[in-house]
Amino acid sequence: MCGIIGYIGPKSVVPILVEGLKRLEYRGYDSAGVAVVDENQINIRRVHGKIAALEKSLEESPLDGIYGVGHTRWATHGRPCEENAHPHQDCTGSVVVVHNGIIENYLALKKKLKKEGHTFRTETDTEIIAHLVEKYFKGSLEEAVQRAVQDLDGAYAVAVISSKDPEKIVAAKVGPPIVVGLGKKEFFISSDINPLLSYTQKVVFLEDGEMAVIEPTGANFFDFKGKVLEKKVHHLSWSRLMAEKSGFKHFMLKEIFEQPQVVRDTLKGRVFLDSGKICLDEIGVSPELFKKTERVVIIACGTSYHAGLVGKYLIEAMAQIPVDIEFASEYRYRDFILDKKALVIVISQSGETADSLAALRIIKEMKPLTLSICNAVNSSIARETDGVLYTHAGPEIGVAATKTYSAQIVALALLAMHLAQIKGRIDEKASLALIEELGRIPHKMEKILNQAKSIEDLASKFVSFSHFLYLGRGVSFPVALEGALKLKEISYIHAEAYPGGEMKHGPIALIEENMPTMAIVPRDRVYAKMLSNISEIKARIGYILAVASEDDKEIEERVDKVIPVPSTEPLFTPFLTTLPLQLFAYYIGAMRGADVDQPRNLAKSVTVE
Ligand code: G6P
């Protein structure tokens with residue numbers, strides 16, 4: 001979704017804004033722009049399309065300035081085009097605004113402002129903010145912004161500059177994230193920490209209803225009534241290098257290959273091989289509270305939802321607690337029933353997904369215990385849950401989630417065992433065996449990654465197909481869903497996933513030679529059932545690829561091609577079976593010439609509904 005960057009300091013502003021926008025690119029966007037202030041003159045450059053086009057335009061006709069703001073736009077109100085690209089201005093051209101979010105009452109405000117004589121140039125909701133600041137400006141930009149936000153309904157992260165109150169950038173937040181970077185005599189506003197990593201590890205996260213004013217001399221924080229706030233300064237542990245491609249062709253490929261390390265990092269310090277114990281004290285929720293849990297509800301979107309579905313199988317099998325898994329966007333509008341004995345787990349890589357955050361806020365009114373599994377430290381969802389279990393995946397830049405999914409299922413496996421131990425539903429011997437196997441997962445992942453070339457060769461045979469079916473049963477069903485999602489996202493090939501047993505209730509009608517099937521068939525309790533489903537497809541001349549255990553000779557007779565993965569504890573097979581599906585989707589997408597890291601229409605962090 002939209003990305004905001006702002007800089008004030010001694011360095012040349014345009015390169016910093018452009019570099020910052022590049023680091024926000026992964027969020028998804030369709031146009032980009034910058035506004036810089038030079039001798040009280042605001043200069044704006046906007047383009048429809050990629051940041052490369054913005055760079056080219058700036059090369060051909062450079063802009064200069066001493067501070068400024070930049071923006072990547074993911075269209076919500078108004079077509080993606082140059083006129084609707086941010087920054088937007090007021091009537092006089094002295095106020096400039098960049099915005100992430102949606103102003104829900106913008107039509108009513110626009111009507112009113114038009115009546116008052118304001119002239120609008122764009123179809124966006126954002127432009128009204130510039131006119132409101134113009135209307136309320138009496139000499140102080142922060143006071144005008146404070147007054148303007150009182151009129152707004154909806155979600156917004158904004159950064160505003162005015163040539164009439166120069167050398168300051170004012171940011172305000174209700175909904176989408178804003179982080180303020182504190183450098184040495186230089187200060188930043190950003191939608192996330194990635195653009196800041198090259199300059200500073202010291203950041204302040206704004207909460208809803210808060211504002212920041214950055215000037216060459218420092219950063220100050222206020223609430224919307226102007227009260228000064230003392231904000232906590234966070235020290236980031238991520239480095240700039242973690243957000244580089246490091247020789248890989250795409251971030252997605254790099255992130256797929258990082259998974260063994262991500263699993264190690266997410267396990268680190270949390271498992272004890274001598275006692276078989278799991279230590280999750282860091283969550284900040286006492287074992288007594290966990291003990292009361294009689295039901296678990298998992299809320300998530302996208303790939304995080306698929307990880308949550310794996311979590312359902314893990315928690316039910318290990319801790320024997322019933323688990324419901326829900327799409328956040330559906331749950332928030334349902335008449336759901338929750339009591340205080342429920343544990344609600346919100347899974348979100350970014351910790352900012354609008355639907356997940358909104359669902360959490362509604363759920364909290366019923367006062368269950370809430371826990372989040374997040375990758376972005378101190379994100380909104382992490383802050384607003386009773387406890388947080390962080391995944392240690394580092395920054396994920398590829399829009400299609402890969403390594404954060406693996407980290408999420410590690411976290412869920414740990415949580416399932418933690419609950420099982422607290423409830424006394426697993427003995428020491430079984431715990432130890434599971435922990436030892438978790439420790440072996442990274443090495444087994446490496447064995448799969450070593451076969452990347454053969455998966456690439458296999459992928460090359462399917463580049464021109466238009467449809468794919470993914471099948472799995474039990475804990476492999478979410479893997480099928482995730483495999484199909486990756487193929488859709490990256491290669492734009494239509495792919496559907498079904499539980500194997502559901503085939504005969506409809507999807508089997510689709511089977512013919514141009515509809516290949518990817519079957520996920522590890523040796524587990526539904527293995528024989530999957531073989532029957534595979535036979536049903538074969539009988540209808542369908543081509544079948546199977547992700548199966550490397551020691552499984554029987555499957556070779558039944559399918560056209562096997563992608564072998566090492567054997568593991570059946571519940572842990574998603575750690576291994578997902579990897580070849582990620583690689584398969586990646587190679588097909590790359591061979592089709594798709595923009596693998598930034599697939600069309602998708603955003604990394606969906607901060608609007
Ligand atoms: C977007 C991303 C997906 C992600 C989903 C949920 O759709 O493109 O990759 O799985 O949001 O994001 P979250 O940050 O909540 O895990």
Side-chain angles (χ1 to χ4, degrees), residues 1-3 24-30 72 74 76 100 175-177 191-194 250-252 255-256 262 298-311 325-332 344-361 371-385 388-391 393-412 478 481-490 492 578 581-582 585-586 589 594-609:
M1 295 269 126
C2 303
L24 294 170
E25 254 191 318
Y26 78 104
R27 297 168 66 89
Y29 71 108
D30 41 58
T72 47
W74 192 87
T76 56
N100 175 15
S191 290
D192 63 43
I193 61 173
N194 285 313
H250 293 101
F251 279 111
M252 182 180 175
E255 288 157 3
I256 290 173
V262 161
I298 300 178
I299 310 281
C301 303
T303 291
S304 297
Y305 174 87
H306 296 157
L309 197 45
V310 174
I325 161 94
E326 307 275 354
F327 288 114
S329 54
E330 286 295 308
Y331 201 64
R332 60 183 289 197
V344 175
I345 306 173
V346 183
I347 308 176
S348 176
Q349 182 283 127
S350 61
E352 302 293 347
T353 299
D355 282 320
S356 303
L357 184 57
L360 170 65
R361 287 176 176 164
L371 180 67
S372 56
I373 295 179
C374 290
N375 195 46
V377 174
N378 213 47
S379 49
S380 301
I381 291 171
R383 289 197 303 266
E384 294 189 27
T385 40
V388 53
L389 181 55
Y390 282 114
T391 50
E396 187 175 65
I397 309 294
V399 164
T402 53
K403 62 173 178 172
T404 53
Y405 163 89
S406 288
Q408 286 166 346
I409 56 177
V410 175
L412 285 159
L481 285 169
E482 181 57 12
L485 179 67
K486 288 291 90 93
L487 193 67
K488 276 184 275 214
E489 286 178 307
I490 301 306
Y492 315 140
T578 311
L581 306 184
Q582 294 170 341
Y586 167 77
D595 191 348
V596 172
D597 283 335
Q598 291 158 37
R600 69 183 179 211
N601 306 336
L602 297 182
K604 180 77 185 159
S605 177
V606 181
T607 50
V608 296
E609 202 180 336

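Atoms within each ligand, like the ligands themselves, are counted from 1 in listed order. These figures come from a predicted structure and were not determined experimentally.
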Identify, for [atom], the protein heavy atom at the shortest distance, and state residue, atom and that distance.
atom: atom 11 (O) of ligand 1; value: Lys604 O, 3.8 Å
atom: atom 13 (P) of ligand 1; value: Thr353 OG1, 3.2 Å
atom: atom 14 (O) of ligand 1; value: Ser350 OG, 2.6 Å
atom: atom 5 (C) of ligand 1; value: Cys301 O, 4.1 Å

Legend entry - N/O donor-acceptor pair under 3.5 Å between Asp597 side chain and Ile397 backbone: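 Such a contact is absent between Asp597 side chain and Ile397 backbone.
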Legend entry - Proximal candidate to atom 9 (O) of ligand 1 [heavy atom criterion; set Asn601, Thr303, Val399]: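 Shortest heavy-atom distance from atom 9 (O) of ligand 1: Val399.
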Nitrogen or oxygen atoms of [X] and ligand 1 under 3.5 Å apart:
X: Ser348; result: yes
X: Gly351; result: no
X: Ser356; result: no

Legend entry - Listed partners of Ser372 passing side-chain contact (heavy atoms from CB on, under 4.5 Å), at least two apart: Cys374, Ile381, Ala382, Thr385, Val388
Legend entry - Residues which pass side-chain contact (heavy atoms from CB on, under 4.5 Å) with Pro478, listed by chain and number, not counting sequence neighbours: Leu309, Val310, Tyr313
Inset, instruction - Could you give me the CA-CA distance, side-chain angles and deciding distance for Glu396 and Thr404, then say whether side-chain hydrogen bond (donor to acceptor under 3.5 Å, both in side chains) is met? - result: CA-CA 7 Å; Glu396 187 175 65; Thr404 53; 2.8 Å; yes
Closer than 4.0 Å to some heavy atom of [X] - which atoms of ligand 1 meet that?
X: Ala401; value: 9 (O)
X: Val606; value: 1 (C), 7 (O)
X: Ser304; value: 10 (O), 13 (P), 16 (O)

Inset, instruction - Let me see the working for Tyr405 and His306 under ring-ring contact (aromatic ring centres under 6.0 Å, His included), right down to the final yes or no. - result: CA-CA 8 Å; Tyr405 163 89; His306 296 157; 7.7 Å; no
Inset, instruction - Using only heavy-atom distances, determine whether the side chains of Asp355 and Tyr331 contain a donor-acceptor pair under 3.5 Å. - result: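 No.
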Inset, instruction - Compute whether any side-chain donor of one residue and acceptor of the other, for Ser304 and Gln349, lie under 3.5 angstrom apart. - result: no
Inset, instruction - Using the six-membered ring wherever Trp is involved, compare the ring planes of Phe327 and Tyr305 and label them parallel, tilted or perpendicular (cut-offs 30° and 60°). - result: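 The arrangement is parallel - the two ring planes meet at less than 30°.
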Inset, instruction - Could you tell me whether Ala603 approaches ligand 1 through its side chain, its backbone, both or neither, with non-hydrogen atoms closer than 4.0 Å? - result: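 The answer is the backbone.
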